[in-house]
A.B. asks: 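Sharing a structure here in structure tokens format.
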2 protein chains.
Amino acid sequence: MESEVAKLKTARDAFVSQWGALGSQWGINRTMAQIHALLMTTNDPLTTDEVMDELEISRGNAHMNLKELVAWGLIRVVVKKGERREFFEAEKDVWQIFTIVARERKKREIEPALTILNRCAEETRGMQSQEGKAFHHQMRELEDFVGFASKMSDKVSSMKHGLALQLATKLFS
Amino acid sequence: MESEVAKLKTARDAFVSQWGALGSQWGINRTMAQIHALLMTTNDPLTTDEVMDELEISRGNAHMNLKELVAWGLIRVVVKKGERREFFEAEKDVWQIFTIVARERKKREIEPALTILNRCAEETRGMQSQEGKAFHHQMRELEDFVGFASKMSDKVSSMKHGLALQLATKLFS
DNA sequence: CCATATTTTCAATAAATACTGAAAAATCAA
DNA sequence: TTGATTTTTCAGTATTTATTGAAAATATGG
């Protein structure tokens, strides 16, 4: 019979590997998603070398992706007294994770779209032709909708976990 | 002075090109996003050859991406009487576009995540060690949250545009 | 200041993804 | 059934993105 320790290792490895594969779908690179998965399921903070060993990746790769995760706010640098090396630990609260990802996606996906739509709408304002009017109208429709989504994203992200859950439950029960 | 027709062409080209660039961020390939942008801002349905000419892409590329957009439901095939070729036209309603994209993202991003989380949680159920319990707990937390997001996505997608807007407005005003 | 540990950078390379173009298959009208 | 038109497929190629590994830069303790 397999020991609990071995089973846990298997489960964690599966999680890390598959979360990494999912990362691609999310527009996050595989290694970044794997490191995040690893740290989310590790109690003690890890060093760069431990991450390298665990995922069998190069130092450069580990370093770049750790820094990127820190920049997102999904992991933190931990300093241990008497230790020269840096340690990394993940934010584990799901609502925090969600709001961080939502904020990042808004920045990358929603805001640039708004900029484009606004510019295209402005440049075609007051056009006389049927074609021009139709284009302008379509740009405005998209702009309104994306702008609305942007505001919704802000509102939801700024809520506390409990409140959001409560609200949603009431709404849809 | 530039004619309105010329200005419109410039605006549309900018939209197509930049919407395509945005597509990458969204996990949609550039050409697919460009074709979608082109058809969203064109009144009359276009043939494969017109799309090829407009975007300066190969037949294979145009064909594949048109079919993919049809599979998503973002564009439709139109048959004109007396015409042997197929024409394509885009869904222009923003709420429709949103629900289609939301459904597709749920399928690609949320459902596979749920499967992974559920399996990892099940495989570590009842573990005795501190580490095992912590892992199991983290998987459950993530599973609950993602499951909740999945339900929310369904509910919102099934609403009519007006209703969703009204609801959201009331909520956040 | 020196020796050593650690972090950071980045050119070269590998891997993944998208695109082309031409051939094959399917469709249609006569 | 034939020949012309249109759609579909896909091997080869190009482009983009991710990763390596080693050198350079930085930080630390003595």
Side-chain angles (χ1 to χ4, degrees), chain A residues 16-39 45-72 75-89 104 108-109, chain B residues 16-39 45-72 75-89 104 108-109:
Chain A
V16 167
S17 137
Q18 290 173 98
W19 202 253
L22 251 185
S24 314
Q25 300 301 93
W26 283 70
I28 289 165
N29 86 44
R30 204 180 67 240
T31 305
M32 188 168 152
Q34 284 183 344
I35 296 177
H36 185 227
L38 177 65
L39 291 175
L46 301 182
T47 61
T48 301
D49 286 77
E50 286 168 326
V51 170
M52 287 167 61
D53 290 349
E54 189 67 41
L55 304 180
E56 300 181 39
I57 58 175
S58 71
R59 179 173 308 283
N61 195 9
H63 176 79
M64 294 292 223
N65 284 293
L66 281 165
K67 290 290 135 164
E68 186 72 6
L69 282 163
V70 170
W72 278 49
I75 69 175
R76 284 178 289 272
V77 176
V78 178
V79 276
K80 289 192 183 183
K81 52 183 172 184
E83 271 286 4
R84 197 162 150 184
R85 296 168 301 172
E86 288 184 328
F87 289 73
F88 300 90
E89 74 174 5
E104 201 67 28
R108 297 169 151 222
E109 302 178 356
Chain B
V16 167
S17 138
Q18 290 174 98
W19 201 253
L22 250 185
S24 313
Q25 298 302 93
W26 283 72
I28 288 165
N29 85 45
R30 202 181 70 238
T31 305
M32 188 168 152
Q34 284 184 344
I35 296 177
H36 185 227
L38 176 65
L39 292 174
L46 301 183
T47 61
T48 301
D49 286 76
E50 286 168 328
V51 171
M52 288 167 58
D53 290 348
E54 188 68 41
L55 304 180
E56 299 181 39
I57 58 176
S58 70
R59 179 173 307 282
N61 195 10
H63 176 80
M64 294 293 222
N65 284 293
L66 282 165
K67 290 289 136 164
E68 187 71 7
L69 283 163
V70 170
W72 278 50
I75 69 175
R76 283 179 289 274
V77 176
V78 177
V79 275
K80 290 192 181 180
K81 51 184 174 182
E83 271 287 3
R84 196 164 151 185
R85 296 169 301 172
E86 288 184 330
F87 289 74
F88 300 91
E89 75 174 2
E104 202 66 28
R108 296 171 152 222
E109 302 178 356

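Convention: sequence-line order gives letters A, B, ...; per-chain numbering from 1.
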A.B. asks: Could you give the CZ-to-P distance, from A:Arg59 to D:dA25, as a whole number of Å?
C.D. replies: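 Rounding to the nearest Å, CZ of A:Arg59 and P of D:dA25 are 18 Å apart.
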A.B. asks: Calculate the interatomic distance between B:Met52 atom CE and D:dT6 atom C1'; express it in whole Å.
C.D. replies: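 Going from CE in B:Met52 over to C1' in D:dT6 covers 12 Å.
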A.B. asks: Taking the side chain of B:Asn29 as its heavy atoms from C-beta onward, which of D:dT9, D:dT19, C:dC19 lies nearest to it?
C.D. replies: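 Selected nucleotide: C:dC19.
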A.B. asks: A:His63 has a side chain; which of D:dT7, C:dT7, D:dT19 sits nearest to it?
C.D. replies: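 Looking only at heavy atoms from C-beta outward on A:His63, the closest nucleotide is C:dT7.
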A.B. asks: Please report the distance, rounded to the nearest Å, between CG in B:Leu55 and C1' in C:dA18.
C.D. replies: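 Roughly 15 Å, once rounded to whole Å.
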A.B. asks: Between A:Ala33 and A:Gly20, what is the shortest heavy-atom contact and its length?
C.D. replies: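 Shortest heavy-atom separation between A:Ala33 and A:Gly20 comes out as CB-CA, 3.8 Å.
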A.B. asks: Go through D:dT7, C:dT8, C:dC19 for me and flag the one nearest to the B:Ser58 side chain.
C.D. replies: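 Among D:dT7, C:dT8, C:dC19, the one nearest the side chain of B:Ser58 is C:dC19.
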A.B. asks: A:Asn65 has an atom CG; how far is it from atom P of C:dT9, in whole Å?
C.D. replies: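 Going from CG in A:Asn65 over to P in C:dT9 covers 14 Å.
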A.B. asks: Tell me what A:Arg85 touches on the nucleic acid: a base, only sugar-phosphate, or nothing, going by heavy atoms under 4.0 Å.
C.D. replies: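 The residue A:Arg85 makes sugar-phosphate contact but no base contact.
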A.B. asks: Which nucleotide wins on minimum distance to the side chain of B:Arg84, given the candidates C:dC28, C:dC19, D:dT8?
C.D. replies: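 The answer is C:dC28, which lies nearest to the side chain.
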A.B. asks: Quick check: closest heavy atoms across B:Gln34 and B:Val16, and the distance to 0.1 Å?
C.D. replies: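 Smallest interatomic distance, heavy atoms only, reads CG-O, 3.4 Å.
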A.B. asks: Under 4.0 angstrom, heavy atoms only, what part of the nucleic acid is B:Thr31 near: base, sugar-phosphate, or nothing?
C.D. replies: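 Touches sugar-phosphate only.
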A.B. asks: Between A:Asn61 and B:Ile57, which is nearer to the 5' end of DNA chain C once each is assigned its nearest nucleotide?
C.D. replies: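 Between the two, 5'-proximity favours A:Asn61.
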A.B. asks: To the nearest Å, give me how far apart NZ (A:Lys81) and C1' (D:dG29) are.
C.D. replies: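 Taking NZ of A:Lys81 and C1' of D:dG29, I get 19 Å after rounding.
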A.B. asks: Can you name the nearest heavy-atom pair linking B:Ala62 to B:Met52, along with the distance?
C.D. replies: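 Looks like CB-CG, 3.7 Å.
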A.B. asks: So which one's nearest nucleotide on DNA chain D is more toward 5', B:Arg30 or A:Arg30?
C.D. replies: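 First, find each residue's nearest nucleotide; the 5'-ward one identifies B:Arg30.
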A.B. asks: Mind calculating the distance between CE (B:Met64) and P (C:dG21) to the nearest angstrom?
C.D. replies: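 Going from B:Met64 (CE) to C:dG21 (P), I get 15 Å.
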A.B. asks: If I take atom CG in residue A:Leu66 and atom P in nucleotide C:dT8, what distance separates them, rounded to the nearest angstrom?
C.D. replies: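 Spelled out: CG on A:Leu66 to P on C:dT8 is 10 Å.
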A.B. asks: Would you say the side-chain atoms of A:Glu54 pair up with the backbone N or O of A:Val51, donor to acceptor, closer than 3.5 Å?
C.D. replies: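 Flag not set: sc A:Glu54 to bb A:Val51 has no pair under 3.5 Å.
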A.B. asks: Just by distance, do the side chain of A:Gln25 and the backbone of A:Leu22 share a donor-acceptor pair under 3.5 Å?
C.D. replies: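 It does not hold such a pair.
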A.B. asks: Starting at CG of A:Asp49 and ending at C1' of C:dT8, how long is that distance when rounded to a whole Å?
C.D. replies: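 Whole-Å distance recorded here is 14 Å.
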